[in-house]
2 protein chains.
Amino acid sequence: MTPVAKRKMERRKTFNDYIAKKQLKSTKQRDIIFNEFFNSYMGRHVTVEELYEDIKKNNPSIGFATVYRTLKLFKECGIASERNFGDGKARYEPIRSETEHHHHMICTECGQIVEFANMQIESCLLQVAKLNEFNVSNHKLEIYGICSSCREAQR
Amino acid sequence: MTPVAKRKMERRKTFNDYIAKKQLKSTKQRDIIFNEFFNSYMGRHVTVEELYEDIKKNNPSIGFATVYRTLKLFKECGIASERNFGDGKARYEPIRSETEHHHHMICTECGQIVEFANMQIESCLLQVAKLNEFNVSNHKLEIYGICSSCREAQR
DNA sequence: TACGATATTGATATTTAAAATCAATAATAA
DNA sequence: TTATTATTGATTTTAAATATCAATATCGTA
Ligand SMILES: [Mn+2]
Ligand SMILES: [Mn+2]
Ligand SMILES: [Zn+2]
Ligand SMILES: [Zn+2]
């Protein structure tokens with residue numbers, strides 16, 4: 001099994017466990033959305049609208065509300081992250097591993113997103129929180145700017 | 001003159017200069033909004049609605065749209081920052097000096113906001129950006145968690 | 001001071017993403 | 001199979017942000 005397929009199976013198990021625990025139901029729609037999301041959007045940041053339009057191509061009967069609710073469900077059970085990059089639309093990305101954690105650098109010109117992780121920043125953050133006696137549940141860090149190719153295009 | 005008064009005067013000059021440069025007009029409404037914002041909301045993070053309700057008390061004829069537009073104007077000319085803490089409402093805070101820069105820690109229980117600045121984080125950020133050849137225009141960092149008093153209240 | 005050009009105001013309407021509603025339908029356990 | 005309960009898809013509602021527009025205020029100039 002490829003690492004990608006294994007990763008997908010692990011998320012699937014988390015999802016199934018969550019469904020069982022919360023006494024929800026397995027449905028064809030949830031299967032379809034799960035598969036499309038984890039097959040096509042690994043490492044990407046997709047809006048509800050985008051995923052809906054994509055899925056409609058092969059499954060025209062699936063409704064927008066179902067895609068919307070299913071992505072929220074993915075987030076709820078910890079297999080997807082919700083991101084907000086300041087354009088007013090929520091974006092979702094598949095979580096790649098239980099432990100992964102990263103932030104984003106967004107080109108305000110072309111929309112390109114570069115992911116990064118930095119241990120030093122993370123430990124500084126925890127230190128700041130500790131100093132102020134905050135119990136951190138999550139944090140977000142985004143860098144906005146112009147990427148090199150957009151900068152070249154301008155000259 | 002107190003340091004607070006001096007600070008306010010400096011922002012006023014920036015605002016006046018901006019109005020002159022862009023050929024805008026000085027109005028009673030802008031004066032009122034400027035004064036309330038810089039008198040009552042230094043170090044705070046106010047929504048348009050909140051500031052509007054506040055101003056209405058003494059100036060019932062001022063419209064919501066004017067408050068909304070004036071805060072955007074403050075932001076535009078660099079005397080206010082717009083913040084988004086994930087509740088779907090934009091917040092504005094007066095800028096205290098040309099050079100100040102800080103981030104926020106938000107209690108998800110009581111809404112308390114603690115500001116912090118950390119040079120180490122800032123330089124890490126720039127390093128990450130440099131590595132990826134991004135020209136940084138701005139960045140945001142927020143820590144969400146539970147403050148100590150809310151933690152105590154829970155026990 | 002009066003005039004004319006232009007920006008501003010306040011009320012209201014529009015836009016948009018997110019969230020809620022609900023009758024019909026599907027999934028599950030007995 | 002049946003009863004129960006969750007889900008779906010269409011639609012409506014909500015709420016913040018933004019746009020519109022006629023009436024009015026500002027400001028340079030005569
Ligand atoms: Mn990402
Ligand atoms: Mn602040
Ligand atoms: Zn770019
Ligand atoms: Zn608190």
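Just so we're on the same page: letters track the sequence lines, and every chain starts at 1.
Residues satisfying the ring pair (Phe, Tyr, Trp, His ring centres under 6.0 Å) criterion with B/Phe37, sequence neighbours excluded, are B/Phe74. Not counting sequence neighbours, A/Tyr41 has no partner by the ring pair (Phe, Tyr, Trp, His ring centres under 6.0 Å) test. Qualifying ring pair (Phe, Tyr, Trp, His ring centres under 6.0 Å) partners for B/Phe38, counting only residues two or more places apart in sequence or in other chains: B/Phe34.
Per the geometry, OH belonging to A/Tyr52 stands 13 Å off C1' belonging to D/dT8, to the nearest Å. One atom, CD of A/Glu76, and another, P of D/dT7, lie 10 Å apart when rounded to the nearest Å. Per the geometry, CG belonging to B/Leu51 stands 13 Å off P belonging to D/dA17, to the nearest Å. Look at CG on A/Asp87: it is 15 Å from P on D/dA17, rounded to the nearest Å. Taking atom CZ of residue B/Arg30 and atom C1' of nucleotide D/dT26, one finds them 10 Å apart after rounding to whole Å.
A donor-acceptor contact closer than 3.5 angstrom links the side chains of A/His101 and A/Glu122. In the model, A/Lys8 has a side-chain atom that pairs as donor or acceptor with a side-chain atom of A/Asn35 under 3.5 Å.
Listed by first and then second residue, the side-chain hydrogen bond (donor to acceptor under 3.5 Å, both in side chains) pairs involving residues 17-28 of chain A are A/Lys13-A/Asp17, A/Tyr18-A/Glu76 (not counting sequence neighbours). Residues in residues 105-118 of chain B take part in these side-chain hydrogen bond (donor to acceptor under 3.5 Å, both in side chains) pairs, two or more places apart or across chains: B/His45-B/Glu115, B/Arg96-B/Glu115, B/His102-B/Glu115.
Mapping B/Lys22 and B/Pro60 onto DNA chain C by nearest heavy atom places B/Lys22 closer to the 5' end of the strand.
Hydrophobic cluster membership of A/Val4, counting Ile, Leu, Val, Met, Phe, Trp and Tyr whose side-chain heavy atoms lie under 4.5 Å apart directly or via other members: none, as it forms a cluster of its own. A/Ile113 forms part of a hydrophobic cluster together with A/Phe85, A/Ile106, A/Tyr144, judged by ILVMFWY side-chain heavy-atom separations under 4.5 Å.
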Inset, instruction - Give the B/S/- string for nucleotides 18-27 of chain C, one per nucleotide from 5' to 3', where a protein heavy atom under 4.0 Å of the base yields B, of only the sugar-phosphate yields S, and otherwise -. - result: SB-B-----B

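Residue contacts shown for B/Gln23 are limited to sugar-phosphate atoms, with no base heavy atom under 4.0 Å away.
Distance from the side chain of B/Ile62 is smallest for C/dG10 among the nucleotides C/dG10, D/dA6, C/dT8.
The bend of the helix from C/dT1-D/dA30 to C/dA30-D/dT1, defined by the angle between the axes of its first five and last five pairs, stands at 20° to the nearest 10°.
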